[in-house]
Amino acid sequence: MLVGYHGKLYTVGTYMDVTHYTRGYAGIGAGSDYALGSLITQRKTACAMEKRSDGSLTVPEPEVLLKRALDVAAFMNAAVCEPFYTLSI
């Protein structure tokens, strides 16, 4: 399970082991390589930007980047499919 808490990212493993990721993104599961590749390219390219009403470009919200990354993972790996569940509290 991936957990974001107070701006930090962690994974919680099967044996309740906790790992802190300092690069700001992580992936788990069968499609993690594809999802990570999507996240990295989205953060580094203008094609991932969203246009504001004033015409300027902005980086999408993390939830949008995450959904795109999950869609890529599902497209590239038959073991990954919807539904995807996220929880923000």
Side-chain angles (χ1 to χ4, degrees):
M1 168 180 10
L2 287 172
V3 177
Y5 183 72
H6 288 279
K8 296 185 170 116
L9 184 62
Y10 304 88
T11 58
V12 180
T14 306
Y15 299 104
M16 301 307 290
D17 51 305
V18 177
T19 304
H20 174 232
Y21 289 84
T22 58
R23 49 183 186 186
Y25 51 87
I28 57 173
S32 64
D33 289 341
Y34 298 113
L36 287 171
S38 174
L39 287 172
I40 291 166
T41 55
Q42 286 184 76
R43 293 188 58 95
K44 296 188 180 281
T45 62
C47 67
M49 300 292 198
E50 291 184 339
K51 190 178 279 191
R52 293 181 176 167
S53 59
D54 65 1
S56 65
L57 296 176
T58 184
V59 175
E61 292 295 317
E63 293 83 2
V64 172
L65 298 175
L66 175 61
K67 174 70 168 102
R68 290 177 183 171
L70 291 170
D71 288 343
V72 168
F75 181 78
M76 297 300 295
N77 188 312
V80 179
C81 65
E82 292 189 53
F84 302 119
Y85 299 99
T86 61
L87 175 64
S88 296
I89 49 176

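Please read these numbers as outputs of a predicted model, since none were measured by experiment. Every heavy atom of this structure was used, including side-chain atoms; hydrogens, water molecules and symmetry mates were not.
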**Message:** Evaluate V3 against M1 for side chain to side chain contact (heavy atoms under 4.5 Å, CB included), listing each step before the verdict.
**Reply:** CA-CA 6 Å; V3 177; M1 168 180 10; 3.9 Å; yes
Does one hydrophobic cluster hold both Y5 and V12, with members joined at side-chain heavy-atom distances below 4.5 Å?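 The answer is yes; both residues are in one hydrophobic cluster.
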Closest approach of [X] and [Y], non-hydrogen atoms and distance?
X: S38; Y: V72; answer: OG-CG2, 3.8 Å
X: S32; Y: G27; answer: CB-C, 3.5 Å
X: L36; Y: A26; answer: CD2-C, 3.4 Å
X: A69; Y: A35; answer: CB-O, 3.6 Å

| Those residues that, when tested against Y10, pass ring-ring contact (aromatic ring centres under 6.0 Å, His included) (two or more places apart) |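 In terms of ring-ring contact (aromatic ring centres under 6.0 Å, His included), with neighbours along the sequence ignored, Y10 is linked to H20.
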- Determine, step by step, whether T11 and V18 satisfy the side chain to side chain contact (heavy atoms under 4.5 Å, CB included) criterion, reporting the C-alpha distance in whole Å, the side-chain angles of both residues, the deciding distance to 0.1 Å, and the verdict. CA-CA 6 Å; T11 58; V18 177; over 6 Å; no
So, the side chain of T41 versus the backbone of G37: is there a donor-acceptor pair under 3.5 Å, distance only?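 Yes, T41 side chain to G37 backbone: donor-acceptor pair under 3.5 Å.
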Rounded at 0.5 Å granularity, tell me how far [atom1] in [X] sits from [atom2] in [Y].
X: I28; Y: L2; atom1: CD1; atom2: CG; answer: 4.0 Å
X: L65; Y: I40; atom1: CG; atom2: CD1; answer: 12.5 Å
X: T22; Y: L9; atom1: OG1; atom2: CG; answer: 10.0 Å

Give the table of side-chain donor-acceptor pairs shorter than 3.5 Å for residues 77-89, with sequence neighbours excluded, one pair per line with atom names and distance.
residue : atom : partner : partner atom : Å
N77     : OD1  : A79     : N            : 2.7
N77     : ND2  : A30     : O            : 3.1

side-chain hydrogen bond (donor to acceptor under 3.5 Å, both in side chains) involving D17 - partner list, sequence neighbours excluded
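Residues passing side-chain hydrogen bond (donor to acceptor under 3.5 Å, both in side chains) with D17: none at all.
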